[in-house]
Visitor: 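Pasting a structure below so you can have a look.
Throughout, a chain's letter reflects where its sequence line sits, starting with A, and its residues are numbered from 1. Note that the structure is predicted; figures quoted are calculated from it, not measured.
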Amino acid sequence: MMHSEKYALLNEPQKEAVFHTEGPLLILAGAGAGKTRVLTHRIAYLIEEKNVPPYNILAITFTNKAADEMKERVQKLVEFGDSVWVATFHSTCVRILRRFIDRLGYDTDFTIYDADDQKTAVRHVVKELNLDPKMYRERAMVNYISDAKTEMLSPKDKLEEAGSDYRARTEAQIFDAYEKMLKKNNALDFDDLLLKTVQLFEENEQVLSYWQDRFRYILVDEYQDTNEAQFKLVWLLARKHQNLCVVGDDDQSIYRFRGADIRNILEFEKHFPGTKVVKLEQNYRSTTHILDAANAVIRHNRGRKEKHLWSDLGEGIPVHFRFYDNAYQEAEEVVRTVVKGVRGGAHYKDYAVLFRTNAQSRLFEERCLLQNVPYQIVGSVNFYQRQEIKDLIAYLKTVAGGRDDISTRRIINVPRRGIGDTTLDKVASYASLKGLSLMEALRYIDDIAGIERAKTKLSAFYHLIGKLREQAGLLPDGRPSGEEVEFDELIRAIIDETDYYSTLEDFEDEKKEQKKENIEELISKAKDFQENYDGDHEATLSDFLEEIALVADVDAMSDDDDKLLLMTLHSSKGLEFPTVFLAGCEDGLFPSYQSISSGDYMDVEEERRLCYVGMTRAKKELFISGARMRTVNGETRYNDISRFVLEIPGNMLDNGALLKSGRTDRTGYDSDDRGYKGFSFKDRSVSDSYGGSFGSSENGAYGGGYKSPSGSSYTAKKPFTPPKPATFGRTFEVKKADGLEYGVGDRVQHMKFGCGTVLEIVDGKKDFEVAVNFDEYGEKRMFASFAKLKKIDS
DNA sequence: CTCCTTTGTCTTTTT
DNA sequence: GACAAAGGAG
């Protein structure tokens, strides 16, 4: 009544979902159907209309970003919205475990191991067991362990499962030793966070009951991506009150490879009898041309819930499709299309280029640099996984005084202190003999045999950490001294005391600067965290370490940056853009070769869902493209048009009639890998038909200017070299470069292209235009403000 | 113990 | 083609 206004803007099914508050509810929300809106309104409705204390509501998401967004929107929508528990699965678990994990025999100050630490742990274990690291690769073993954990199988289970199979038994033994190692280090990996919480609930009726009553109303976002452990967690929590609302779209489940089980959403009604199902099928994002094409693709999956996604945003622009002769050309045309759009009044941030693999970003990146297009690569290298950041965090962890040996090992010889593996192994074996951590063992350095030569070095390190602990407001053994510390100052102290910057000397100046910038970023993050901490106590070092352990990416894009976005399809989930480029649509790349040849049709189906996710990111315009020839992992490959593109009826594409030839010419990939790397001449007719730039005939007007090397290009086996961009008409009218630190004839350095000689500087209206002949990349023209050229001595 | 060369490896990856 | 890790020489 008094709140009805708030809910009046919802459509009928959305209202249904918001108002159905009691009992299990499954919301099948198609792409762009407003699911976040439903979730936030539902929370508001529970609080305002049903008088549910915000304290009793739990909303779980997968990403921090989604959690932050939801938090913000709930706060805007309803009073006391900020006391609703909105968090990711993992941070929810951490918060629960910090209070109760002692019941499972762990200390509540456990550390969290990321993928890197896991690898290190596996490496140590394999070595410890005297196994051949080539036979038991760390990457494979990490996957094995993670898979086992997601299925909630213990080392014992795996050993039984192995039977008499030697290899399987050994793997189970590695798993077992890995578990013991983590336990010894009081560490949990990401999978453990979920697993241990489930275990805690299963073994402690009272603890479970406490949380069940605490979270009387539970909402789960992206439910299609839950794995077994996450399902179990939700099931345990919701079992008592049954007020569980999950939102998801089976067509957007793209994390099967990480253990997500699509059956969780498909069989939700089985797990929760009496479930009400609401379908949200009106799409508020895309025009029908885009939606129809996406529907045409996803229709080819079996075992999905039938949906009729529709939109009243009008037909819009037909989906574009181009198949280029090579990947360079594809990148060039994509960037050129963006440039044209921006000239026509659009912003760079209106565009996103999506691709299957991170490696593909490089071509677009180079092209952007070349054409002075500001760009941002989203989520390729996680900030907190960068070497220098991990080093400093390892120092922080060691200083903070956990028993995390992996961190100690990481930094004990960084910078070089002359402490090598042999020494370390001796300390480690002494430590394990006495049940101590590495740091603790160093206290008894005189008792350790056979390390005479390194003894002074080790004790110097020990005292260094002791000194840092003092500065961190800790006593030498790690207990708090009551003294307050500024995090940023502590990190600076670590850098100074250890002379950390000396480790950066090996890197090129450009890289060195980058690393220093990253470190500054970390310092300001730390400061920021401490100043804005909203817990019920002063922020401790452990609080900070925990925060960053669970954060994936700090350099999340902000809306006010006007940049072209480059990202993988996976990172694009949940986002939307006026114009989307779906690049690299080639059989063997997307869908990937592995998924095609695995023999499991579910693998290709997952990629198809990925395709669907990508296509439905577009609001107004969708460009699909691919390239016949591209180098992957150093070898040249010739690919056909992606099967996903062929699944779109020709009349839905702007030049779809051409697809027909593609369809008939396609060689059978499903049976084997024949013809995958090889090139079949049958295909040539297809390729020749597809050249040309996106929606433009004035090829060559900007930058590039080469035409498809039609036909003849396939006879040559020589590797393709990117064509030199045509230069703008030369004027030879050399202007004096006031405002620039370099002039014609000077040697300069560019972040991407290395060293070169300045050929020409043209004073444009807004910027200097510089032509440089690079030693390795040849002649390039660029705007001075973007190029950031540095003068070097020649 | 460290530095340099060689070898092998490569999807996606919210935490 | 790029990067990390292992192996060998100083």
Side-chain angles (χ1 to χ4, degrees), chain A residues 60-68 87-94 112-116 118-120 123 127 132-134 137-140 142-143 146 150 188-194 221-222 224-227 229-230 252-260 354-360 362-363 378-382 384-385 387 413 415-424 453-454 457 506 546-553 556 567-575 584 588-598 603 606-607 609-611 613-614 630-636 719:
Chain A
I60 307 183
T61 63
F62 274 81
T63 63
N64 291 301
K65 205 172 128 220
D68 290 344
T88 62
F89 268 105
H90 294 267
S91 70
T92 300
C93 289
V94 171
I112 300 167
Y113 277 2
D114 68 9
D116 243 39
Q118 279 183 287
K119 270 196 205 163
T120 314
R123 198 161 54 238
K127 200 176 151 195
D132 181 2
K134 275 176 190 148
R137 294 183 189 288
E138 60 189 50
R139 203 200 154 94
V142 168
N143 282 338
S146 181
T150 354
L188 301 184
D189 61 28
F190 283 134
D191 297 313
D192 282 336
L193 297 176
L194 297 160
D221 193 13
E222 306 278 17
Q224 75 281 354
D225 285 328
T226 50
N227 62 30
Q230 285 158 337
Q252 294 188 67
S253 162
I254 55 174
Y255 287 102
R256 192 172 88 103
F257 70 94
R258 289 195 88 248
L354 312 182
F355 32 76
R356 179 71 238 270
T357 67
N358 272 315
Q360 285 168 261
R362 236 194 69 229
L363 288 175
V378 177
S380 55
V381 200
N382 184 339
Y384 290 109
Q385 263 160 251
Q387 180 195 206
N413 202 27
R416 302 261 121 88
R417 298 189 175 94
I419 303 170
D421 282 346
T422 6
T423 310
L424 220 44
R453 249 191 315 154
K457 293 165 183 165
D506 299 343
E546 175 174 319
E547 158 92 1
I548 59 185
L550 295 174
V551 169
D553 210 354
M567 68 184 94
T568 63
L569 287 155
H570 283 89
S571 330
S572 78
K573 192 160 87 161
L575 306 174
L589 183 66
F590 185 39
S592 71
Y593 174 58
Q594 291 91 327
S595 73
I596 296 170
S597 51
S598 76
D603 287 341
E606 169 131 324
E607 304 247 334
R609 291 192 290 269
L610 200 51
C611 183
V613 166
R630 105 166 41 233
T631 33
V632 180
N633 296 339
E635 68 174 328
T636 309

Visitor: Apply ring pair (Phe, Tyr, Trp, His ring centres under 6.0 Å) to Y255(A) and list each qualifying residue two or more places apart in sequence or on a separate chain.
Guide: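 Expected list: F257(A), H570(A).
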Visitor: Compare all side-chain heavy atoms of M567(A) with those of L575(A) and state whether any distance is below 4.5 angstrom.
Guide: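 The answer is yes, as the side chains (C-beta and beyond) meet within the 4.5 Å cut-off.
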Visitor: Mind checking if D191(A) touches a base, just sugar-phosphate, or nothing, with heavy atoms under 4.0 Å?
Guide: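 It contacts nothing in the nucleic acid.
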Visitor: Quick one: the side chain of R139(A) and the base of dT13(B), do they pair up donor-acceptor inside 3.5 Å?
Guide: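 Side chain to base: pair found, below 3.5 Å.
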Visitor: In terms of side-chain heavy atoms of N358(A), which of dT12(B), dC1(B), dG8(B) is nearest?
Guide: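 Shortest atom-to-atom distance from the side chain points to dT12(B).
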Visitor: Checking side chain to side chain contact (heavy atoms under 4.5 Å, CB included) for the pair T88(A)/L550(A): CA distance, chi angles, key distance, verdict?
Guide: CA-CA 9 Å; T88(A) 62; L550(A) 295 174; 5.7 Å; no
Visitor: Remember a base hit wins even if backbone is also touched, and classify G634(A) as base, sugar-phosphate or nothing at under 4.0 Å, heavy atoms.
Guide: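 Since a base atom lies under 4.0 Å of G634(A), the category is base.
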Visitor: Could you check whether E607(A) gets within reach of a base, just the sugar-phosphate, or nothing at all, counting any heavy atom under 4.0 Å?
Guide: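 Base: the residue E607(A), judged by heavy atoms under 4.0 Å, touches a nucleobase.
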Visitor: Using the side-chain heavy atoms of N633(A), tell me which of these nucleotides is nearest: dT13(B), dG1(C), dT14(B).
Guide: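 Nearest listed nucleotide: dG1(C).
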Visitor: Give one of base, sugar-phosphate or nothing for I419(A), where a contact means two heavy atoms less than 4.0 Å apart.
Guide: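 Touches sugar-phosphate only.
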Visitor: Any idea which of dT13(B), dT11(B), dC1(B) is nearest the F257(A) side chain?
Guide: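 Taking heavy atoms from C-beta onward, the closest nucleotide is dT13(B).
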Visitor: One character per nucleotide, please: for nucleotides 3-10 of chain C, 5' to 3', B when the base has a protein heavy atom closer than 4.0 Å, S when only the sugar-phosphate does, - otherwise.
Guide: --SS----
Visitor: Is T631(A) touching bases, backbone alone, or none of the nucleic acid, heavy atoms closer than 4.0 Å?
Guide: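 No contact.
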Visitor: Return the set of residues passing salt bridge (Lys or Arg N to Asp or Glu O under 4.0 Å) with R258(A) (not counting sequence neighbours), or none when no residue passes.
Guide: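 With neighbours one apart ignored, the set is empty.
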Visitor: Whole angstrom is fine here: how far is it from CG in N143(A) over to P in dC10(B)?
Guide: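 Going from N143(A) (CG) to dC10(B) (P), I get 10 Å.
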Visitor: Sequence neighbours left out, what passes side chain to side chain donor-acceptor pair (under 3.5 Å) with E607(A)? Give chain and number order.
Guide: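 R356(A), S592(A).
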Visitor: Identify, with sequence neighbours excluded, every residue that meets side chain to side chain donor-acceptor pair (under 3.5 Å) alongside T568(A).
Guide: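 Side chain to side chain donor-acceptor pair (under 3.5 Å) check on T568(A) returns S571(A).
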Visitor: Got a sec, which residues hit ring pair (Phe, Tyr, Trp, His ring centres under 6.0 Å) with Y113(A), two or more places apart in sequence or on another chain?
Guide: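 In terms of ring pair (Phe, Tyr, Trp, His ring centres under 6.0 Å), with neighbours along the sequence ignored, Y113(A) is linked to no residue.
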Visitor: For a quick check of understanding: with a heavy-atom distance under 4.0 Å over all strands, which category does S91(A) fall into, base, sugar-phosphate or nothing?
Guide: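 Since no nucleic acid heavy atom lies under 4.0 Å of S91(A), the category is nothing.
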Visitor: My understanding is that only residues two or more places apart in sequence, or in another chain, count here; which of them pass salt bridge (Lys or Arg N to Asp or Glu O under 4.0 Å) with D192(A)?
Guide: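 D192(A): salt bridge (Lys or Arg N to Asp or Glu O under 4.0 Å) contacts with K149(A).
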Visitor: Please enumerate all residues that pass side chain to side chain donor-acceptor pair (under 3.5 Å) together with T631(A), with sequence neighbours excluded.
Guide: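 Checked T631(A) against side chain to side chain donor-acceptor pair (under 3.5 Å); zero matches.
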Visitor: Using a 3.5 Å limit on both pairing distances, list the dot-bracket string of DNA chain B from the 5' end; Watson-Crick and G-U wobble pairs count, crossing pairs take [ ], interstrand pairs take |.
Guide: ||||||||||.....
Visitor: In whole angstrom, give the distance that lies between atom CG of L424(A) and atom P of dC1(B).
Guide: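 That distance rounds to 9 Å.
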Visitor: Dump every N/O contact between nucleotides 3-6 of chain B and the protein below 3.5 Å, one line per pair.
Guide:
unit_1	atom_1	unit_2	atom_2	d
dC3(B)	OP2	R416(A)	NH1	2.9

Visitor: Sequence neighbours left out, what passes side chain to side chain donor-acceptor pair (under 3.5 Å) with T226(A)? Give chain and number order.
Guide: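 Partners of T226(A) by the side chain to side chain donor-acceptor pair (under 3.5 Å) criterion, ordered by chain and then number, come out as N264(A).
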Visitor: Report yes or no: is there a donor-acceptor pair, N or O only, under 3.5 Å between the side chain of R356(A) and the base of dT11(B)?
Guide: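 When only heavy-atom distances are counted, R356(A) does not reach the base of dT11(B) through any donor-acceptor pair under 3.5 Å.
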Visitor: List in chain and number order the residues that pass salt bridge (Lys or Arg N to Asp or Glu O under 4.0 Å) with E222(A), two or more places apart in sequence or in another chain; answer none if no residue qualifies.
Guide: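 Once residues adjacent in sequence are excluded, the partners of E222(A) under the salt bridge (Lys or Arg N to Asp or Glu O under 4.0 Å) criterion are K35(A), K573(A).
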Visitor: So, S598(A) and D603(A): side-chain donor and acceptor under 3.5 Å apart, yes or no?
Guide: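 Present: a donor and an acceptor within the cut-off.
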